[in-house]
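Working notes, beginning with the structure itself.
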Amino acid sequence: MNRSDSDKLTDILLGEAVLSVIKQQKNLNAATLLERLQGMAASEQDSARYIACLNAITVIKKTETSSATQRLMRNLPAAEDNVIRFDTDNRKPSGSNKH
């Protein structure tokens with residue numbers, strides 16, 4: 001698989017951001033990576049590196065969105081008709097209604 005120079009540079013800058021977060025002894029997660037990449041982009045003078053920072057930010061955001069969607073989907077009950085039912089409640093009535 002041939003990767004473009006911009007893809008390679010995006011990966012390099014993502015790696016630099018990871019190492020920077022680790023050196024700062026911060027938690028390594030999407031939020032800290034985004035914060036670091038945004039800082040790198042803000043101070044970047046080279047246009048190719050600036051664009052690669054923006055690409056890395058996009059990759060992290062897409063990955064985070066995809067991960068959140070997958071977590072959500074794993075927790076949903078299976079429905080044969082592909083509909084999520086909100087009208088079913090397994091709680092029993094308390095017997096005393098306070099209105």
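Being a predicted model, the structure only gives us computed values, none of them experimental.
With sequence neighbours excluded, the residues that form a side chain to side chain contact (heavy atoms under 4.5 Å, CB included) with T58 are K62. In terms of the side chain to side chain contact (heavy atoms under 4.5 Å, CB included) criterion, residue partners of L28 (sequence neighbours excluded) are, by chain and number, V18, V21, I22, L33. For S6, the side-chain hydrogen bond (donor to acceptor under 3.5 Å, both in side chains) test picks out S4, with sequence neighbours left out. For N29, the side chain to side chain contact (heavy atoms under 4.5 Å, CB included) criterion is met by N27, A31, T32, not counting sequence neighbours.
Residue pairs meeting the salt bridge (charged side-chain N to carboxylate O under 4.0 Å, His left out) criterion with at least one partner in residues 28-37, sequence neighbours excluded, are K26-E35.
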Output a table of donor-acceptor pairs, distance under 3.5 Å, between side-chain atoms of residues 42-50 and any protein atom two or more places apart or on a different chain; print 'none' if there are none.
residue	atom	partner	partner atom	Å
S43	OG	G39	O	3.2
S43	OG	M40	O	3.4
E44	OE1	R49	NE	3.2
E44	OE2	D46	N	3.3
D46	OD2	A48	N	3.3
D46	OD2	R49	N	3.0
R49	NH2	E16	OE1	3.2

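The CG atom of L54 lies 9.5 Å from the CD atom of Q38; values are rounded to the nearest 0.5 Å. The distance from the OG1 atom of T10 to the CG atom of L37 is 10.0 Å, given to the nearest 0.5 Å. From N55, atom CG reaches atom CG of D7 across 7.5 Å, with rounding to the nearest 0.5 Å.
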Problem - Test log, rule side-chain contact (heavy atoms from CB on, under 4.5 Å), inputs I60 and L14 - result: CA-CA 9 Å; I60 296 297; L14 186 54; 3.8 Å; yes
